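Structure first, then comments.
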Number of protein chains: 2
Amino acid sequence: MAKRRKVNNMLGLAVLATVIERPMHPYEMASLVRARGKDDDMRIKWGSLYTVVRNLEKHGFLEVAGSDKEGGHPERTIYRITDAGRQEYADWVRDLLATPEREQSAFKAALSVWGILTPDEVTSLLRGRVALLEKELADQRAALNGHLSEIPRLFLVEAEYDLAVREAELAWTRSLLGELSEGTFPGLDAWRHWHATGEVPQELHDLFGRGIGAD
Amino acid sequence: MAKRRKVNNMLGLAVLATVIERPMHPYEMASLVRARGKDDDMRIKWGSLYTVVRNLEKHGFLEVAGSDKEGGHPERTIYRITDAGRQEYADWVRDLLATPEREQSAFKAALSVWGILTPDEVTSLLRGRVALLEKELADQRAALNGHLSEIPRLFLVEAEYDLAVREAELAWTRSLLGELSEGTFPGLDAWRHWHATGEVPQELHDLFGRGIGAD
DNA sequence: CCTCCTTTACTCGCCTACGAATATACGTCC
DNA sequence: GGACGTATATTCGTAGGCGAGTAAAGGAGG
C-alpha cells in the first residue's frame with residue numbers, strides 16, 4: 001500500500017541497513033555505504049544524514065548508545081538500532097519490493113513538452129542522448145561484470161536491474177530516433193510547418209480548443 | 001551538462017509549458033495541466049504551485065500581468081511569461097532531452113538490501129509486484145491506445161516511453177522471479193541457511209570483512 | 001430561498017533537505 | 001619539523017516542499 005513512513009527519505013533506509021550490523025556513529029554509516037558501493041543507489045547528502053538519523057531516533061528506530069570523545073573533537077554520537085527499527089526496516093523493504101511505485105522521470109516530463117522544439121533539434125538532441133547513454137551503459141556493464149567475478153549476484157541484483165531498465169530506455173530512444181530521422185514519425189510535416197510559420201496546422205487546431213489529452 | 005536551474009522543481013516546467021500559451025493565474029495553470037492529462041507526468045502539489053510560480057517570477061521568468069478581483073474574493077494574480085522565461089523553458093527542455101539523468105528508484109534501493117528478507121518471502125513479494133504491475137500496465141496500455149485514436153502521437157510519446165520502460169521493469173522482474181522460484185538463482189541455499197541459522201555462510205563471510213561491493 | 005456540497009483559489013506554517021561552513025587529526029613531502 | 005593537503009565528523013542556516021486549512025462562489029435539492 002506504500003504507506004507514508006515516519007521517515008521517508010531513502011537515506012534512512014541506507015542508515016538502517018548499515019546500523020543493523022553494529023552500533024556506530026553517522027559518519028561511519030555513510031562511509032560504509034560508500035565503501036560498499038551502495039551510495040550509487042542512495043546518494044548521500046551530508047546535510048540530510050544527521051537530520052535523518054535524528055528523525056530515526058525521534059521515532060524510536062534508533063537509540064543513543066553512548067558518545068565517543070577520544071581523539072577527534074566533534075564528539076561523535078554512537079547510535080544503535082532498536083527492535084522497532086529492525087521491524088521498520090524489514091517492513092519498509094517489504095513494502096518497496098511489493099508495491100510498484102510510479103516514479104516521475106525528468107526525461108518523461110521533457111518528452112511531454114518536446115513539441116516546443118523543432119523536430120530537427122529534437123532529433124539532434126536525442127542523438128546526443130543516445131551517444132551518452134551508450135557510453136554510460138558500456139561502462140556500467142563493464143563495472144557490473146567486474147564485480148560479478150568477485151561478489152555474489154545476491155549483492156548485485158540492483159545493478160542488474162538498473163542496467164536492464166536503462167537498456168530499455170536506450171532501445172526505446174533509439175527506435176524513436178529512427179522514426180524521426182527517417183521521417184516516418186506521423187505528423188512530422190505538421191510539426192515542422194507549425195514552427196516555420198507559427199500557425200497551428202489544421203489537424204492540431206481543434207485539439208487546442210479543449211485540453212489536449214483530455215478524455 | 002544538467003546544470004542546476006534557478007527553479008529546479010519539475011512543476012516549474014509544467015507551469016512554463018502552460019503559461020506560454022497565454023497569461024493566466026496559478027490555479028488555471030494547474031487546471032489546464034490536469035485537464036490535459038499531463039498531471040500524470042508532473043504530479044501537482046498544491047502547496048508547491050504558488051511557491052514555484054513566485055520563484056519563477058523572482059527570477060524573471062514570469063511577470064505579473066495584473067490581478068483579477070471580480071467575482072472570487074481570493075484576488076487572483078495573473079502571470080505572463082517573459083522572454084527570459086521562454087528562453088529558460090526551451091533551454092530546460094533541451095537539457096532534459098539531451099542529458100540522461102540517473103534517477104534514483106525506490107525499487108532499486110530495496111533490491112540493494114533485499115538480503116535481510118528470506119528468499120521465500122522475497123519471491124512471494126515479487127510475485128505480488130508482478131501481478132500489480134501487469135494490471136497497471138494493461139490499464140495503461142488500454143488508455144494509451146484509446147488516446148492514440150484521437151490525439152496525434154506527437155502529444156503522447158511520453159506515455160509510450162513510460163509504458164516501454166515499465167514493461168522492461170516487468171520483464172526483468174519476471175525473469176528474476178523465475179530464477180528464484182525454480183531455484184536456479186545462485187547462492188539461494190547459502191542465503192536460506194544464513195536466515196535459518198543466523199550464521200553467515202562461508203562464501204559470504206570474507207565479504208563482510210571489507211566493504212561488500214568495494215572495489 | 002435556505003442549506004449543503006463541490007469547485008475554485010489561495011495562504012500558512014511546519015518540517016525537511018542539503019549546501020556550505022567549521023574544526024580537528026593525520027599523513028607526507030621537501 | 002612546519003606547511004599543506006586530505007580525511008574525519010559534525011553543525012548551521014535557510015530555501016523550498018507540501019499538507020492542511022480557509023473561504024468565497026456556484027449549483028443542486030428540498
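Throughout, a chain's letter reflects where its sequence line sits, starting with A, and its residues are numbered from 1. Here the structure is a predicted model, which is why all the values come from computation and not from measurement.
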Exercise for review: Starting from C1' on D:dG17, measure out to NZ on A:Lys45 and report it in whole angstrom.
Suggested key: 14 Å

**Study point:** Under-4.0 Å side-chain N/O to phosphate OP1/OP2 contact, A:Asn9 with C:dA17
**Key:** yes

Practice item. Please report the C-alpha distance between A:Tyr27 and A:Trp46 in whole Å, then the side-chain angles of each, then the deciding distance to 0.1 Å, and finally whether the ring pair (Phe, Tyr, Trp, His ring centres under 6.0 Å) criterion is met. Key: CA-CA 9 Å; A:Tyr27 189 87; A:Trp46 290 104; 5.2 Å; yes

**Study point:** Range-with-range stems of DNA chain C (Watson-Crick or G-U pairs under 3.5 Å, three or more in a row)
**Key:** C:1-30 with D:1-30

Review point. Could you state the CE-C1' distance from A:Met10 to C:dT16, rounded to the nearest angstrom?
Key: 15 Å

**Study point:** Quiz item: cation-pi between A:Arg129 and A:Phe107, 6.0 Å / 45°
**Key:** yes

Check your understanding: Quick one: does B:Leu163's side chain get under 4.5 Å of B:Gln140's, heavy atoms only?
Key -> yes

Review point. More 5' along DNA chain C: B:Arg54 or A:Val52, using each one's nearest nucleotide?
Key: B:Arg54

Revision key, fill the gap. Rounded to whole Å, the CZ-P distance (B:Arg5 to D:dG16) equals 15 Å

Review point. Over how many whole Å does the gap from B:Leu49 atom CG to C:dC12 atom P extend?
Key: 16 Å

Check your understanding: What is the distance from CD of A:Glu28 to C1' of D:dA7, rounded to the nearest Å?
Key -> 14 Å

Exercise for review: Using the salt bridge (charged side-chain N to carboxylate O under 4.0 Å, His left out) rule, take A:Arg36 and A:Glu21 through it: C-alpha gap first, then chi angles, then the decisive distance, then the call.
Suggested key: CA-CA 14 Å; A:Arg36 294 183 178 167; A:Glu21 256 177 68; 2.5 Å; yes

Practice item. Mark yes or no for whether A:Trp191, through its side chain, and A:Leu117, through its backbone, hold a donor-acceptor pair below 3.5 Å. Key: yes

Check your understanding: Just by modelled atom types, is the B:Glu28 backbone N or O under 3.5 Å from a matching donor or acceptor in the B:Arg76 side chain?
Key -> no

Review point. Starting at the 5' end of DNA chain C, which residue's closest nucleotide do you reach first, B:Gly47 or B:Arg34?
Key: B:Arg34

Review point. Tell me: CD1 of A:Ile44 to C1' of C:dA17, nearest whole Å?
Key: 15 Å

Check your understanding: Out of D:dG16, C:dC18, C:dC10, which nucleotide sits closest to the side chain of B:Arg76?
Key -> C:dC10

Check your understanding: When the nearest nucleotide of DNA chain D is assigned to B:Trp46 and to B:His59 on a heavy-atom basis, which residue is associated with the more 5' position?
Key -> B:His59

Review point. Does A:Lys6 place a side-chain N or O at less than 4.0 Å from the phosphate oxygens OP1/OP2 of C:dC15?
Key: no

Review point. Given atom OH of B:Tyr27 and atom P of C:dA9, what is their separation to the nearest angstrom?
Key: 6 Å

**Study point:** Value in whole Å for how far the C1' atom of D:dA15 lies from CG of B:Asn8
**Key:** 12 Å

Exercise for review: Kindly say if B:Ser48 contacts the phosphate of D:dC18, meaning a side-chain N or O under 4.0 Å from OP1 or OP2.
Suggested key: yes

Exercise for review: From the options C:dA9, C:dA17, D:dT10, select the nucleotide whose nearest atom is closest to the side chain of B:Tyr50.
Suggested key: C:dA9

Exercise for review: May I ask you to decide whether B:Glu88 forms a salt bridge with B:Lys6, counting only side-chain N to carboxylate O separations under 4.0 Å?
Suggested key: no

